[in-house]
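Note that ligands are numbered from 1 as they come in the structure, with each ligand's atoms numbered from 1 the same way. The analysis underlying the following values was restricted to heavy atoms, covering all of them including side chains, and did not include hydrogens, waters or symmetry mates.
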Amino acid sequence: MTDRLIAAALAAREHAFAPYSKFQVGAALEDADGRIHTGCNVENASYGLTMCAERVAVFKAISEGVRQFSRVAVAADSDVLTPPCGACRQILWEFCGNIEIVLVNPRGKTQAYRLADLFPKPFDVSFL
Ligand code: THU
């Protein structure tokens, strides 16, 4: 199952639109029914409009009515595995809680974390 999720993240990375940074990222988000929702980074000539792979995957799934998630894999070509950026950690916390995050590169290196370890003391609905 982890292999399937990792393969999906690596495949999604191939669709990255990253002509400016040349840094391609893929994400694969597994829901409670075992379905996989993928995303890649989508850049823009107006750089600040760029959207990360993780948020594309989350927003695609949310827009299809999915609300329960179990794991997310993030694929990028770095030897020190690429973790989600701060904005993506916030969005993952909102929709996925303390989800398992599997980082991977194309050479088969993987490392698993829990979001709470990467994102301690989150701001969320409990403060509102
Ligand atoms: N990127 C992601 O897709 N996810 C992250 O968590 C880190 C950064 C993308 C955004 C941009 O297109 C490129 O990587 C370089 O920052």
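- Under a 4.0 Å criterion applied to the non-hydrogen atoms of Glu54, ligand 1 contributes the atoms 2 (C), 3 (O), 4 (N), 5 (C), 6 (O).
- For Pro83, the heavy-atom gap to ligand 1 drops under 4.0 angstrom.
- In plain terms, the two heavy atoms of Gly39 and Ala57 that are nearest each other are N-CB, 3.7 Å.
- Checked by distance only, ligand 1 and Thr50 stay at 3.5 Å or farther apart across all their nitrogen or oxygen atoms.
- Contacts of Tyr113 classified as ring pair (Phe, Tyr, Trp, His ring centres under 6.0 Å), with partners at least two apart in sequence or in another chain: none.
- Put simply, the side chain of Leu29 reaches to within 4.5 Å of the side chain of Cys96, judged on heavy atoms.
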Is there a side-chain contact (heavy atoms from CB on, under 4.5 Å) between Thr110 and Thr2? Walk through the geometry before answering. CA-CA 10 Å; Thr110 68; Thr2 305; over 6 Å; no
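- Of the protein's non-hydrogen atoms, the one nearest atom 12 (O) of ligand 1 is Glu43 OE2, 2.5 Å.
- Remark: ligand 1 and Cys85 share an N or O pair separated by less than 3.5 Å (distance only, no angle test).
- Under a cut-off of 6.0 angstrom, the local environment of OH in Tyr47 is sparse, with at most 12 non-hydrogen atoms contributed by other residues, nucleotides or ligands.
- Atom 16 (O) of ligand 1 lies below 4.0 Å from none of the non-hydrogen atoms of the protein.
- Considering only non-hydrogen protein atoms, atom 3 (O) of ligand 1 sits nearest to Ala53 N, 3.0 Å.
- In this structure, Asp124 has no salt bridge (charged side-chain N to carboxylate O under 4.0 Å, His left out) partners at least two apart in sequence or on a different chain.
- Using a 4.5 Å cut-off on side-chain heavy atoms (C-beta onward), Glu30 and Arg35 make no contact.
- By the criterion of a heavy-atom distance under 4.0 Å, both the backbone and the side chain of Cys52 are placed next to ligand 1.
- Atoms of ligand 1 lying under 4.0 Å from at least one heavy atom of Pro84, given by number and element, are 6 (O).
- Residue-ligand proximity, Phe23 to ligand 1, at heavy-atom distances under 4.0 Å covers atoms 13 (C), 14 (O).
- Heavy atoms of Ala18 come nearer than 4.0 angstrom to ligand 1 in no pair at all.
- Taking atom 9 (C) of ligand 1 as the reference point, the nearest protein heavy-atom neighbour is Asn41 ND2, 3.6 Å.
- Closest non-hydrogen pair, Cys85 versus Glu54, comes out as N-OE2, 4.4 Å.
- In the vicinity of Ser21, heavy-atom distances shorter than 4.0 Å reach the ligand 1 atoms 13 (C), 15 (C).
- Ion pair Arg107/Asp77 flagged as a salt bridge, since at least one NZ, NE, NH1 or NH2 atom sits closer than 4.0 Å to an Asp/Glu carboxylate oxygen.
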